[in-house]
Amino acid sequence: MKTTDVIRRAGRNLRQAKARTILTSLAIGVGAFTIALAMAAGNGGRSYLDSVVSGAGDLRTIQVSPKFDTDPNADTKPKKVGAEEAPTSPSASTIRELTPKDRSKIAAIDGVEKVSPVFGVEAQAVEANGSDKYQGQVKVQYDGTAIDLTAGKLGSNNEILPGQIVLPHVYLDSFGFKNAETALDKTVTVTFANAFGGTFTKEFKIVAVDAKPTSPLAFYNNEFRISNKDGEEIAKMQRPEGAPEGYYAFMVTARQGVNVDTVKQKILDAGSFSAMTFAEMRTSIMQMVNIVQYGLMGFGALAILASIFGIINTQYISVLERTQQIGLMKALGMRRRDVSRLFRYEAAWIGFLGGVIGVVLAFLVTLLNPVITGAFDLESGTELLQMDWLMSAVLVVGLMLIAIISGYFPSRKAAKLDPIEALRTE
Amino acid sequence: MIEVKNVTKTYGKKQNAFRALDDVSFTIPDGASVAILGKSGSGKSTLMHAMSGLDRPETGEVLVDGVDILKLKSKAVDTFRSKKIGFIFQSFFVQANESVYDNVSLPLEIAKAPKRARRGKVMKALEAVELDEKVRSKARNLSGGQKQRLAIARAIVNEPRIIFADEPTGNLDSVTGQRVEELLFGYNKEKGVTLVIVTHDEDLSTRCDIVITVKDGRVESISENGTKKSVVAKEGGRA
């Protein structure tokens with residue numbers, strides 16, 4: 001028998017047992033739906049996080065912090081008072097701050113463009129254009145993370161130069177600026193506290209005005225952004241007298257065109273540092289999405305495993321019901337191989353139907369994206385569920401194969417039927 | 001030509017062994033109409049199964065056009081059945097859920113007939129049994145007589161050399177049975193196709209050229225054109 005004829009007859013046989021076919025397919029459909037939806041959620045989740053994360057960092061950035069040393073041989077048991085050795089640190093680990101020496105060491109590494117220490121500076125008041133004094137937060141720039149702007153322009157790699165400031169758009173009204181354009185090149189005066197309980201002021205020129213971020217996960221704060229150099233200067237003024245110059249972390253920017261991982265390795269080799277590239281930070285976040293996705297897909301796979309027994313059962317019943325038909329076909333000269341194929345193709349049709357049902361249902365759920373976006377209060381237009389059509393096609397084909405394998409035993413039973421016996425069956 | 005030589009078929013083993021066919025031999029010339037006559041349990045159906053390649057007796061030969069079908073591989077026997085043989089059964093075995101057209105096209109699909117040639121052949125077969133107007137109907141909507149005519153169309157669609165009919169009128173009333181008989185014998189005469197009818201109906205058997213009477217697995221007598229010749233007498237008391 002020709003393959004096309006077998007496929008056609010298989011399809012027709014299924015149509016004649018509609019309820020049974022649909023019920024069996026639905027069982028597979030549940031699994032297919034779960035898997036397709038998991039893939040859609042993983043896809044959407046990854047692309048959403050990607051858009052959020054890329055706004056939060058620069059791929060050339062390496063975060064360097066002091067190594068958290070743990071001595072594996074350290075004796076952590078409590079010691080009696082008066083014992084030979086006095087107890088040292090209870091955690092047997094040491095935390096140190098990064099020093100200016102570390103900074104110059106890293107800056108000397110080949111491939112490093114810039115080392116920006118991470119500072120926190122505190123402002124007491126901000127004012128501009130003869131306005132009242134307002135509270136405000138100042139953030140020191142330490143890498144080339146993109147900033148959404150409504151007006152103005154930053155240097156290459158989004159750099160803010162010393163003396164410049166990026167104005168948060170929410171201050172436009174308070175400072176009496178008509179719009180973002182008019183604020184450019186105006187002066188903002190910031191009052192800082194110094195280490196002796198007094199204050200000092202510093203003037204900055206508005207180089208740009210930021211914009212409301214497109215994603216709520218971008219951790220947007222109404223911050224005045226200043227250059228790293230200014231930040232360092234202010235931090236020095238605010239440091240209590242006698243306190244050593246130290247930093248919690250450096251943001252190291254690798255030179256354009258240099259492999260970030262190589263630079264990272266060089267930093268690790270240079271001393272007792274721990275380093276993480278931005279790409280690694282992103283990967284570790286993506287890993288969470290992947291784990292959730294694989295978990296969901298696992299449930300889907302279980303549902304499909306259960307539905308395999310459904311297919312086997314359905315096909316066995318089908319063979320029993322159609323004993324006479326099988327007998328006739330064999331009497332008319334149909335080969336065992338073709339009888340077996342007929343039943344396996346029927347199973348394949350069931351798998352195909354189930355897969356399509358699942359994928360279509362999953363697609364219908366992705367149409368609810370606006371509702372989901374609304375429920376999570378995300379930026380409109382965000383799609384947390386994105387169909388992966390290629391993988392969905394692979395899923396459908398995979399289900400057909402699984403169905404064919406499940407249909408093996410029933411189809412073998414059909415092929416082995418003795419036509420004389422089968423025709424005798426009433 | 002069909003030559004059956006010393007065919008023996010045994011069911012069961014040792015003490016329970018039962019000889020359904022016991023050293024059966026006869027010859028059927030091409031184009032003949034043959035009745036295999038016998039009561040139920042006489043072995044007439046087993047004989048038909050052996051002659052058509054559905055069953056394999058342990059000993060003996062069944063030569064169809066000089067080829068021993070008992071020695072063929074199962075694939076070759078399947079091909080033999082699909083190309084050379086048509087079957088008609090007492091309980092029709094038409095596929096009730098399928099259309100008349102699909103029922104008749106099944107043997108063509110099994111024989112891998114090219115798609116373009118199929119429609120013409122199916123329609124020709126349906127015209128021969130006067131069912132061409134029902135081509136779109138489902139087989140379940142046909143009457144008993146129509147179903148058996150459909151079965152005849154299915155048997156002749158691939159232009160077989162031999163048609164086996166197992167009690168073809170057994171489930172039909174006499175009027176529709178008569179019509180089915182006319183069709184079968186008409187086709188036999190017109191196309192020169194060998195027709196083998198298995199029956200317990202003596203009236204039906206008298207219409208055939210040759211009547212082979214089977215009893216307890218043995219050929220009791222073979223009569224040609226109404227003149228009865230005893231096999232026992234012919235073969236000198238052996239059988």
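Chain A is the first sequence line, chain B the second, and so forth, proteins listed ahead of strands; every chain is numbered from 1. In this text, all values refer to a predicted model and were calculated from it rather than measured experimentally.
- Taking non-hydrogen atoms and a 4.5 Å limit, the residue list of residues 10-27 of chain A in contact with chain B, ordered by number, reads A/Arg12, A/Asn13, A/Gln16.
- The number of heavy-atom neighbours closer than 6.0 Å to CZ of B/Phe80, taken from other residues, nucleotides and ligands shown, is above 12.
- Residues of residues 329-339 of chain A placed with any heavy atom under 4.5 Å of a heavy atom in chain B are listed by number as A/Met329, A/Lys330, A/Ala331, A/Leu332, A/Gly333, A/Met334, A/Arg335, A/Arg336.
- Heavy atoms closer than 4.5 Å to chain A are found nowhere in B/Ile85, neither backbone nor side chain.
- Neither the backbone nor the side chain of B/Asn158 comes within contact range of chain A; no heavy atoms are under 4.5 Å apart.
- A 4.5 Å side-chain heavy-atom check between A/Leu328 and B/Phe87 finds every atom pair outside the cut-off.
- Taking a 6.0 Å sphere around CD of B/Glu133, one finds it holds 12 or fewer heavy atoms contributed by other residues, nucleotides or ligands.
- By the neighbour-count criterion of 12 heavy atoms within 6.0 Å, atom NZ of B/Lys134 is sparsely surrounded, having that number or fewer from other residues, nucleotides or ligands.
- Expressed to the nearest 0.5 Å, how far CD of B/Gln95 lies from CD of A/Gln325 amounts to 4.0 Å.
- Residues B/Glu98 and A/Arg9 have side chains in contact (heavy-atom distance under 4.5 Å, counting atoms from C-beta outward).
- With a threshold of 4.5 angstrom between heavy atoms, B/Ala113 approaches chain A through N, CA, C or O but not through any side-chain atom.
- Every side chain to side chain donor-acceptor pair (under 3.5 Å) that B/Asp78 has, sequence neighbours left out, goes to B/Arg81.
- Counting heavy-atom pairs closer than 4.5 Å to chain A, the top-ranked of the candidates B/Leu108, B/Asp55, B/Val77, B/Asp102 is B/Asp102.
- Within the 4.5 angstrom heavy-atom criterion, atoms from both the backbone and the side chain of B/Ser105 approach chain A.
- Here the closest heavy-atom approach between residue B/Leu54 and residue A/Ile420 is recorded as O-CD1, 3.7 Å.
- Summarising the local packing, OH of B/Tyr187 is surrounded by more than 12 heavy atoms from other residues, nucleotides or ligands at distances under 6.0 Å.
- Counting heavy-atom neighbours within 6.0 Å of B/Tyr101 OH, excluding the residue itself, gives a total above 12.
- In this structure the side chain of A/Thr4 never reaches within 4.5 angstrom of the side chain of B/Glu109, judged on heavy atoms.
- Nearest approach of A/Lys2 to B/Lys115, heavy atoms of both residues: NZ-N, 4.1 Å.
- Residue B/Asp216 places its CG atom among 12 or fewer non-hydrogen atoms of other residues, nucleotides or ligands, all under 6.0 Å distant.
- In terms of the salt bridge (Lys or Arg N to Asp or Glu O under 4.0 Å) criterion, residue partners of B/Glu130 (sequence neighbours excluded) are, by chain and number, B/Arg179.
- The 12-atom threshold is exceeded at OH of B/Tyr11, counting heavy atoms of other residues, nucleotides or ligands nearer than 6.0 Å.
- B/Phe89 touches chain A through its side chain: at least one heavy atom from C-beta onward sits under 4.5 Å away, while N, CA, C and O do not.
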